[in-house]
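Comments concern the structure below.
We use all heavy atoms of the structure for the numbers below, so side chains are in, but hydrogens, waters and symmetry mates are not. Along the sequence shown, residues carry numbers from 1. Just so you know, these numbers come straight off a predicted model, no measurement behind them.
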Amino acid sequence: MSETTKNAPIRLGGPRAYFMWGMGLLGYLFAVICRSSMSAAGIEAANHFHTTSTALSGFLYLQLFVYAIMQVPAGVLLDRFGARILISCGGLFMAVGQSLVALAPVTWLAVVGRGVVGMGDALVFISVVRLISAWFPTRQAPLLTQLTSVTGGLGQIISLYPFAWLLRLAGWQTAFLTAAGTGVCVAAAILMTVRDDPHQSSRRHERPEGGLKSAVRGLGSALHSPGTICGFFVHATTWFPVNMMNQLWGIPFLLAVEGWSRGTASAFLGAGVVINMVFGPLMGRLAGVHPIHGRAAVVYVSIGAQIVLWTILLLTPGPHPMWFMVLLLVALTSGGPASNIAMDYVRDTNRPANLGAATGFANTGGFLSSAIVFLGVGVLLDMQGATDPSLYTAQAMRMATLIQYPLWVVGLTGFTLMLRPTLQAIRERRA
Ligand SMILES: NCCCC[C@H](N)C(=O)NCC(=O)O
């Protein structure tokens with residue numbers, strides 16, 4: 001590289017930055033397609049493995065579990081090897097996982113395949129967030145993070161329509177092997193084109209001194225930063241209610257408490273995708289322009305609205321008027337984009353060398369709280385004798401969803417305690 005190029009001022013946020021982000025986004029879109037492909041396969045999956053839909057939900061748990069426990073190691077690896085390597089490896093892992101699902105002669109091998117998909121998936125989102133921090137100015141990064149989340153979410157639509165269509169037309173193996181082949185192409189494209197940092201002179205990640213040990217020490221420093229813990233609480237407190245409704249308990253709740261049909265309940269929850277598209281860019285812009293008061297306001301308003309509307313819902317008899325249910329959906333959906341503000345607190349309070357570990361840690365928050373709620377609702381239903389869906393009464397469902405309140409109390413307390421030192425750190429850094 002010539003001296004001139006080396007000394008040329010680096011332009012953050014220019015066309016090259018958008019290209020790098022676009023490639024990362026491609027990796028994330030593929031990750032979302034893979035994670036939702038099994039549920040999109042629906043009845044075909046049950047038929048293919050000669051099993052029940054309930055047993056198939058085990059696939060979802062495993063994938064989520066692997067994703068969650070991999071976040072911190074993935075973050076440490078991200079600091080060591082960089083986003084380019086991690087997203088590419090993520091794509092390859094997912095390709096291997098999808099191939100196992102395609103070819104598995106027995107169900108347990110497909111379960112392993114889904115675990116491998118979860119492992120690959122875990123490497124991608126935090127790596128794209130890391131690419132954004134490297135390539136865009138601080139003020140623009142929150143918007144790009146939100147756009148990643150919204151655009152990547154479209155992967156679910158790709159699974160539900162083109163992928164499900166291919167599955168019905170060409171069969172199980174062809175559909176899952178096509179997904180696997182796509183993963184290999186995506187990984188190769190990212191490996192060949194992405195550069196982790198505009199300051200690097202080649203595509204090779206300039207590894208920090210001290211090997212993996214020093215990357216693990218970086219995790220220690222990341223945990224000492226108030227913004228990392230603040231981000232963890234933001235992620236843990238904003239997102240679990242909408243995740244609980246979308247992933248598992250929304251339909252049974254709406255059937256039991258509101259007396260809706262399955263079709264109406266699915267359409268209602270599906271409308272959240274559109275609301276998300278509005279909230280994501282709005283919150284991203286606000287979080288970039290008003291890092292001190294704007295971000296905190298979004299978090300408090302989102303959690304506050306969710307608590308108030310859930311409380312009204314649980315204290316008043318159903319069916320509730322549609323305008324009220326729409327308000328509830330808007331409040332619930334705001335939790336998804338609000339959870340991304342976690343990444344903004346992390347980014348603005350950590351050294352670039354520890355950013356992967358810090359982001360990985362914060363990103364476990366919502367997965368941990370979601371896991372507690374997924375399981376807690378089931379346990380509380382069982383304790384009331386509602387052991388199968390035919391026994392889910394409105395009263396049992398209302399009682400079971402009370403599990404959210406202790407999480408809100410812990411999360412809000414943690415966020416409020418960590419907010420002041422986090423804002424102090426942001427102010428100092430910007431001064
Ligand atoms: N539709 C909104 C989803 C919120 C995304 C969430 N903050 C998150 O952590 N995503 C990680 C991922 O891998 O998707």
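- Considering only heavy atoms from C-beta on, Ile126 stays 4.5 Å or farther from Leu355 through its side chain.
- A distance of 14.5 Å separates CG of Leu86 from CZ of Phe125, quoted to the nearest 0.5 Å.
- For the pair Phe415/Thr422, no side-chain contact is recorded, criterion being any heavy-atom separation below 4.5 Å from C-beta on.
- One N or O on the side chain of Gln63 and one on the backbone of Arg35 form a donor-acceptor pair closer than 3.5 Å.
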- Item | Derivation of the side chain to side chain contact (heavy atoms under 4.5 Å, CB included) call for Thr237 and Phe232 | CA-CA 9 Å; Thr237 320; Phe232 174 87; over 6 Å; no
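- Few gaps surround CD on Gln404; more than 12 heavy atoms of other groups in view lie less than 6.0 Å from it.
- Without hydrogens or angle criteria, Ser127 side chain to Ala83 main chain gives no donor-acceptor distance under 3.5 Å.
- Here the side chains of Leu380 and Met399 are not in contact, with every heavy-atom distance at 4.5 Å or above.
- Of the possible polar contacts, none joining the Arg16 side chain to the Trp135 backbone as a donor-acceptor pair under 3.5 Å is found.
- You'll find the ring centres of Phe176 and Phe163 inside the 6.0 Å limit.
- Here the CG-OH distance, from Leu412 to Tyr300, works out to 7.0 Å after rounding to the nearest 0.5 Å.
- Remark: the Gln247 side chain and the Ser370 side chain contain no N/O donor-acceptor pair separated by less than 3.5 Å.
- Between Asp348 and Arg295, at least one side-chain nitrogen of the basic residue sits less than 4.0 Å from a carboxylate oxygen of the acidic one, meeting the salt-bridge criterion.
- Ring orientation note: the planes of Trp408 and Tyr405 are nearly perpendicular, at an angle over 60° on the 30°/60° scale.
- Rounding to the nearest 0.5 Å gives a distance of 9.5 Å between CZ of Arg114 and CG of Leu62.
- Of all the heavy atoms in Leu143 and Pro281, the pair that sits closest is CD1-O, 3.5 Å.
- Looking at heavy atoms from C-beta onward, Asn363 lies out of side-chain contact with Val346 at the 4.5 angstrom threshold.
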- Derivation of the side chain to side chain contact (heavy atoms under 4.5 Å, CB included) call for Phe49 and Trp172: CA-CA 11 Å; Phe49 293 112; Trp172 184 270; 3.5 Å; yes
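- For an aromatic pair to be called close, the ring centres must be under 6.0 Å apart, and Tyr18 with Phe136 satisfies this.
- Residues Arg347 and Thr359 fail the side-chain proximity criterion, which asks for heavy atoms closer than 4.5 Å.
- Tyr392 places a side-chain heavy atom less than 4.5 Å from the side chain of Pro389.
- Inter-residue side-chain proximity for Met244 and Thr401 is flagged as met; some heavy-atom pair is nearer than 4.5 Å.
- Between the side chains of Ser149 and Tyr28, no donor-acceptor pair is found at a separation under 3.5 Å.
- Contact between Ser37 and Cys34 at its shortest, heavy atoms only, is OG-O, 2.8 Å.
- Minimum heavy-atom separation, Ala265 to Trp260: CA-CE3, 4.0 Å.
- Rounding to the nearest 0.5 Å gives a distance of 9.5 Å between OG1 of Thr182 and CD of Gln98.
- Atom CG of residue Leu123 and atom CD1 of residue Ile85 lie 11.5 Å apart, to the nearest 0.5 angstrom.
- What you find for Ser88 and Ile190 is that their closest heavy atoms are OG-CG2, 3.6 Å.
- The aromatic rings of Phe253 and Trp310 lie perpendicular to each other, with more than 60° between the two planes, well past the 30° mark.
- At least one donor-acceptor pair under 3.5 Å links the side chain of His235 to the backbone N or O of Gly366.
- The environment of Phe324 atom CZ is dense: over 12 non-hydrogen atoms of other residues, nucleotides or ligands sit within 6.0 angstrom.
- The closest donor-acceptor contact from the side chain of Asp197 to the backbone of Ala134 lies at 3.5 Å or more, if one exists at all.
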- Task: Check step by step if side chain to side chain contact (heavy atoms under 4.5 Å, CB included) holds for Trp21 and Val128.
- Result: CA-CA 7 Å; Trp21 173 63; Val128 183; 4.3 Å; yes
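- Between the side chains of Arg285 and Gln140, not a single donor N or O lies within less than 3.5 Å of an accepting N or O.
- Side chain of Arg130 to backbone of Gly356: no donor-acceptor contact under 3.5 angstrom is found.
- Two residues are said to be in side-chain contact when any heavy atoms from C-beta on lie closer than 4.5 Å; Glu258 and Phe268 fail this criterion.
- By the neighbour-count criterion of 12 heavy atoms within 6.0 Å, atom CZ of Arg429 is densely surrounded, having more than that number from other residues, nucleotides or ligands.
- Within the model, atoms CG of Leu368 and CD of Gln71 stand 12.0 Å from one another, a figure rounded to the nearest 0.5 Å.
- In terms of modelled atom types and a separation under 3.5 Å, the side chain of Thr364 and the main chain of Phe361 share a donor-acceptor contact.
- Side chains of Ser36 and Ser159: a donor on one and an acceptor on the other come within 3.5 Å.
- Using modelled atom types, one finds no donor on one side chain facing an acceptor on the other under 3.5 Å when comparing Thr145 with Asn340.
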- Task: Apply ring-ring contact (aromatic ring centres under 6.0 Å, His included) to Phe367 and Trp239, showing your working.
- Result: CA-CA 9 Å; Phe367 289 92; Trp239 187 44; 4.9 Å; yes
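- Under the 4.0 Å criterion applied to side-chain N and carboxylate O atoms, Arg84 and Asp196 are not assigned as salt-bridge partners.
- Here the shortest heavy-atom pairing between Leu147 and Thr151 reads O-OG1, 2.5 Å.
- Here the closest heavy-atom approach between residue Val234 and residue Ala338 is recorded as CG1-O, 3.6 Å.
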- Message: The test is side chain to side chain contact (heavy atoms under 4.5 Å, CB included); show your working for Met418 and Tyr345 and say whether it passes.
- Response: CA-CA 11 Å; Met418 295 316 296; Tyr345 283 132; over 6 Å; no
